[in-house]
Amino acid sequence: MLSVERLEQTLDARPFQYLETTASTNDVAMRWLLDGAPVGSIVTANEQVQGRGRLGRTWYAPPGTALMLSYVLRPAVDDLPYVGMAGAVAVLETIQALGMSGVGLKWPNDVQIDGRKVCGILPEATWQDGTLLGVVLGIGINVRIDFAGTAFAHTAISLEQRVPSLDRAELLAQLAERLDAWTARLSADELFERWRAGLVMLGRPVSIATVTGTITGTAEAVERQGALVVRDAHGVLQRVIAGDIALG
Ligand code: BTN
């Protein structure tokens, strides 16, 4: 059960807001950031009714079934490309620490278990007159969503399909510590190396839907700031900054 009392126990002195229901934890965290929220502050909710996903999608989970949070940070502008990586690596390690195998990353920052999505990540930045004011790092983890009979039955998974009876407040505390550690070292080579090592599609045939069309080929490499390098059917290297990747 998530509750203010339980989160006070697990999050200790960390500033947090818990909402039974909200539109999007990213929106609440963004308002708090602009209002002076300390770095590392967290907004979490039991239910989101207008949760956002990547590429303009929505993100919804029935009440009580997911861990949804937004983490406040104020990175240097040069470190912006690494915020999503930090989120992905922090989630990957938190799940691995539960004893699960088969955990990997789908470029850029989805976390998967045996090829099925368990977590999505949405960093959102706010600017004023060209100055970066801060970022909220939104993270949604499927904890006990029942995907049976849904369109996601074969592509998504919940943590409790592998480890029963998870305590979301405890999970959040474990994740928050890893977020603190990695967001304090955004430009570290070690963060990039861990992210790259987690990527499951490098060296494999892929197809990527981008805003300008679909690119198919072999995922050869990732650049330091996160772009994916794909060798297409003509042998030409294509650099992809954003898109939806699938095994080709
Ligand atoms: C994706 O996979 O497309 C990213 C999903 C991100 C969902 C999280 S849930 C907490 C935070 N608040 C939001 O509105 N979205 C993120």
Side-chain angles (χ1 to χ4, degrees), residues 1-53 59 61 63-95 97-98 109 111 119-128 131-143 159 166-188 191:
M1 268 287 279
L2 281 184
S3 65
V4 170
E5 296 70 29
R6 182 72 188 118
L7 289 165
E8 277 170 355
Q9 289 169 350
T10 63
L11 294 180
D12 203 11
R14 181 184 302 274
F16 75 89
Q17 289 186 38
Y18 170 67
L19 301 150
E20 195 52 41
T21 300
T22 190
S24 160
T25 58
N26 270 19
D27 290 344
V28 179
M30 190 60 87
R31 285 195 293 273
W32 196 12
L33 183 159
L34 296 171
D35 226 23
V39 167
S41 298
I42 282 179
V43 176
T44 187
N46 199 45
E47 182 186 24
Q48 269 187 158
V49 292
Q50 285 171 19
R52 286 189 295 279
W59 199 89
T65 62
L67 179 60
M68 296 167 286
L69 66 131
S70 301
Y71 178 97
V72 171
L73 64 159
R74 293 189 174 78
V77 72
D78 288 349
D79 288 343
L80 264 183
Y82 311 122
V83 172
M85 287 181 197
V89 170
V91 173
L92 177 90
E93 292 181 345
T94 302
I95 295 176
L98 296 172
N109 288 319
V111 184
C119 168
I121 291 183
L122 181 68
E124 294 184 310
T126 183
W127 304 78
Q128 188 176 41
T131 301
L132 178 65
L133 297 181
V135 178
V136 296
L137 178 54
I139 299 176
I141 303 178
N142 307 331
V143 176
L159 292 178
L166 287 167
D167 176 347
R168 285 179 296 158
E170 185 54 44
L171 192 63
L172 178 55
Q174 302 291 322
L175 174 57
E177 283 188 13
R178 287 189 160 83
L179 288 170
D180 290 346
W182 285 118
T183 57
R185 307 180 59 211
L186 286 172
S187 58
L191 172 61

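The analysis underlying the following values was restricted to heavy atoms, covering all of them including side chains, and did not include hydrogens, waters or symmetry mates. Just so it is clear, the structure is predicted and the values come from calculations on it, not from any experiment.
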Between Q48 and T25, is there a donor-acceptor pair closer than 3.5 Å when you use the side chain of the first and the backbone of the second? yes
Can you tell if the side chain of V111 reaches within under 4.5 Å of the side chain of I141, non-hydrogen atoms only? no
With no hydrogens and no angle check, is any side-chain donor or acceptor of N26 less than 3.5 Å from a backbone partner on E124? no
Close side-chain approach of D180 to R14, heavy-atom, < 4.5 Å: yes
Using distance alone, with no hydrogens and no angle criterion, decide if E170 and Q174 have a side-chain donor and acceptor under 3.5 Å apart. yes
Using modelled atom types and a 3.5 Å cut-off, is there a donor and acceptor pairing between side-chain atoms of R168 and backbone atoms of A66? yes
Is the backbone N or O of L137 less than 3.5 Å from a side-chain atom of S70, with the two atoms forming a donor-acceptor pair by type? no
Would you say that V135 contacts P75 through its side chain, given a criterion of any heavy-atom pair below 4.5 Å between the two side chains? yes
Indicate yes or no: at least one non-hydrogen side-chain atom of L67 is less than 4.5 angstrom from one of L166. no
Look at the side chain of T10 and the backbone N and O of A169, then say whether any donor-acceptor pair between them is shorter than 3.5 Å. yes
For R6 and M1, indicate whether the former's side chain and the latter's backbone hold a donor-acceptor pair under 3.5 Å. no
Taking L33's backbone N and O only, do any of them form a donor-acceptor pair with R74's side chain (distance below 3.5 Å, no angle check)? yes
T183 vs Y71 side-chain heavy atoms within contact, under 4.5 Å: yes
Answer yes or no: is there a side-chain heavy-atom contact under 4.5 Å between I139 and C119? yes
Indicate yes or no: at least one non-hydrogen side-chain atom of V77 is less than 4.5 angstrom from one of W127. yes
